[in-house]
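Everything below concerns the one structure shown next.
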Number of protein chains: 2
Amino acid sequence: MSVEKEERSDRTYHHGDLRAALLRAGGKLLVEEGVENLTLRRVAREVGVSHAAPYRHFKDKESLLAAITLSGFYKLTMLMKSAKTSNPGAPREQLVKAGVNYIQMALAHPEMMQLMFGGTIKRVILEQEFERAVKLGEYPRDALDAFEKLEEIVDVGVESGTFRQKDVHELTLLAWSTVHGLAMILLGKQLQEPPEGPEAVEALTKCLCEDLLLGVLVRS
Amino acid sequence: MSVEKEERSDRTYHHGDLRAALLRAGGKLLVEEGVENLTLRRVAREVGVSHAAPYRHFKDKESLLAAITLSGFYKLTMLMKSAKTSNPGAPREQLVKAGVNYIQMALAHPEMMQLMFGGTIKRVILEQEFERAVKLGEYPRDALDAFEKLEEIVDVGVESGTFRQKDVHELTLLAWSTVHGLAMILLGKQLQEPPEGPEAVEALTKCLCEDLLLGVLVRS
DNA sequence: ACCTGAACACCGTTCAAGT
DNA sequence: ACCTGAACACCGTTCAAGT
C-alpha cells in the first residue's frame, strides 16, 4: 500500500526526517494524481502527521510545491549534461541528444514539467526553496543550471566552426525555446494529430532538431 | 468601481445574459488577479448573483475557465492571420511578424496565456466549451486554428521557394514551437537575465526568428 | 427555465497548547 | 524544537425549494 517505512526507529520517521518524507509523499502524489489533487492536508495525511505539521518545514503550500519541482529541474540539468558527455566532440549530435532528452523527460513526467513551467510557482519562492535545499545538502549548486549546460554544447559548436558565428547565449535560447515549446505543446495536447507512441515522438523530435540546425530558409 | 452595467433593464442583466456577464467578470478577474484568485464564488459575487447560479451556464469551474480562454485562442488566431495579411507576398517577413505578434500577446496577457497552455484545462473540456460557444455565435468555427493560419504562411514560403522544401506541417511546428517556447520561458521568468522592456523583448524575438530562418549550422 | 439558500465535504493557514 | 487540535475563512458542488 503505502511507501515502505524506515525500519530504523520511530525517532527517524517522526522527528528530523519529516521534511524528506513530505517531499517524497508530495512528489508521489504529484506524479500519480496531478497538481490539482496535491493538497497539503493529503500530503500530511499520507505521512501520518497532523495537517499543521508541514508548516514547520515549509512556509506554505507554494513553498512545498517549489521544493518538489527542484528534483525536476535537477533531472533536467543532468540530462543536458549527459547529452554533452554522451557524444564527445560532436556538438551537432549533442544538441539533438539534448533535445531528445528534454522531450523524453517531458513525456515521462508531464505533471512535474507542467508544475515546473506552468506559472504556478513564483520564481522568488523557487529560489528561496532552492537556497534552503542546497544548504541542507539536497542538491548541488548547479542543479538549476540546465540552460548553462546547453550553452556549453552550443559554445563548443560555435568555437569549432560547426555552428554559425552568432552570440552563444542567443543561439542557446533559440535551441531551448524550440525544444521547450515542443515539449509544452505536446504535453498540452495542442496538436490535432499528435504523434502516437514514444518512437513517433522521438522521430518528430529529431526531425525538428535537424530542421533547427538547417533553418527554415533555403540553403542556396 | 465595478464594470458599467447594462442600462437597458434588469431583465437583460438578471436573465439571459448571465453567461456573458460571467465570462466578462471571469476574464477581468483572471487578468487583474490571476488564476489563483479566480474563484467561481467570486465571479458570481462580482456579477451579483448567488454562488450556485453559474452552474446553470457552466458544468463546473473548469468549464468556465475553458470558456474564458476561448477569447485568448481567438485573439491568437487573429494575430496569426494579421501577420499574413500585413506583409502580402513576403513569407519571410510574415513569419517574423507572426513571432513578434505571438510574443506581444504573451506579454500583454500573461495570465491568459498561462491558463491557455499551463495544463489546467483538459483538451476535451476546451473543445466541449468551444462547440457550445460556436453554437451560441460567440466565435467563428476557425477561432482555434492559429496553427493553421501559421501553416498558410509557411506553405506560401515553401511554394515560392523561399523556405526549404520540407514538409509544411513539420516546418510550421518548428516555428510554432520556437516562438511558443520563448513565450513560455519569458512568462515563467526562467531567464537569468531577462530582456528589460518591450523594445528589448521585440528585438530579442526578431533575433530568434532570424536565427530560426537561418538555422544553427554554418551556411557554407 | 432560471435562480436562491442551506448544506456538505474539503481546503490553506493560524495559534494556543502540548511533549 | 517540533507537533497537535481546534478554529477561521474560504472553496466547489449539490439539491430542494422558490419565482
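Below, each value reflects all heavy atoms present in this structure, side chains not excepted, and no hydrogens, waters or symmetry copies. Worth saying up front: this structure is predicted, and the values here are computed from it rather than measured. Labels below follow one simple rule: chain letters A, B, ... track the order of the sequence lines, proteins then strands, and each chain is numbered from 1.
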Worksheet item: Given side chains that start at C-beta, do those of A:Leu18 and A:Arg56 come closer than 4.5 Å, heavy atoms only?
Response: no

Worksheet item: Whole-Å distance between C:dC15 C1' and A:Lys59 NZ?
Response: 17 Å

Worksheet item: Contact class for A:Arg19 (heavy atom, under 4.0 Å): base, sugar-phosphate, or nothing?
Response: nothing

Worksheet, complete the sentence: Of the listed C:dC3, D:dT4, C:dC11, the closest approach to the A:Ala53 side chain comes from D:dT4

Worksheet entry | Presence of B:Arg41 side-chain N/O under 4.0 Å of D:dA9 phosphate oxygens OP1/OP2 | no

Discussion item. Any strand counts, and the cut-off is 3.5 Å on both contacts for Watson-Crick or G-U wobble. Which nucleotide pairs with D:dG12?
Written reply: C:dC8

Worksheet entry | Which nucleotide in D:dC11, C:dG12, C:dT14 has an atom nearest any side-chain atom of A:Leu40 | C:dG12

Worksheet item: Please give, in whole Å, the distance from D:dC3 P to A:Phe58 CZ?
Response: 12 Å

Fill in: Between D:dT4 (C1') and A:Arg45 (CZ): distance, integer Å
16 Å

Response to the item:
Mate of D:dG18 across any strand shown (Watson-Crick or G-U wobble, both atom pairs under 3.5 Å) is C:dC2

Worksheet entry | For A:Thr178 against A:Leu174, the heavy-atom pair lying closest together | OG1-O, 2.9 Å

Worksheet item: Hey, are the side chains of B:Asp211 and B:Val216 touching, using non-hydrogen atoms and a 4.5 Å cut-off?
Response: no

Fill in: Proximity to the side chain of A:Lys61 - top-ranked nucleotide from C:dC3, C:dG12, C:dC11
C:dG12

Response to the item:
Ranking A:Leu38 and A:Arg56 by the position along DNA chain C of their nearest nucleotide, the one closer to 5' is A:Leu38

Fill in: Nearest-angstrom distance from the residue atom OH of A:Tyr55 to P of D:dA7
18 Å

Worksheet entry | Spacing between A:Arg42 atom CZ and C:dT13 atom C1', to the nearest angstrom | 20 Å

Practice prompt. Check the pair A:Phe147, A:His169 against ring-ring contact (aromatic ring centres under 6.0 Å, His included), reporting the backbone distance first and the verdict last.
Written response: CA-CA 9 Å; A:Phe147 187 92; A:His169 196 271; 5.1 Å; yes

Worksheet entry | Test ring-ring contact (aromatic ring centres under 6.0 Å, His included) applied to A:Phe130 and A:Tyr74, step by step | CA-CA 11 Å; A:Phe130 176 59; A:Tyr74 184 45; 9.4 Å; no

Worksheet item: If you check the A:Leu18 side chain, which of D:dC3, D:dG5, C:dT4 turns out closest?
Response: D:dC3

Worksheet item: What integer distance in Å separates A:Asp17:CG from D:dA1:C1'?
Response: 16 Å

Fill in: Earlier contact from the 5' end, DNA chain D, for A:His57 and B:Thr39
A:His57

Response to the item:
Whole-Å distance, A:Leu22 CG to D:dC3 C1', equals 12 Å

Worksheet entry | Nucleotide of C:dT13, C:dA6, C:dC15 approaching B:His51 most closely (side-chain heavy atoms) | C:dA6

Worksheet item: What is the distance, rounded to the nearest whole Å, between atom CG of B:Asp60 and atom P of D:dC15?
Response: 14 Å

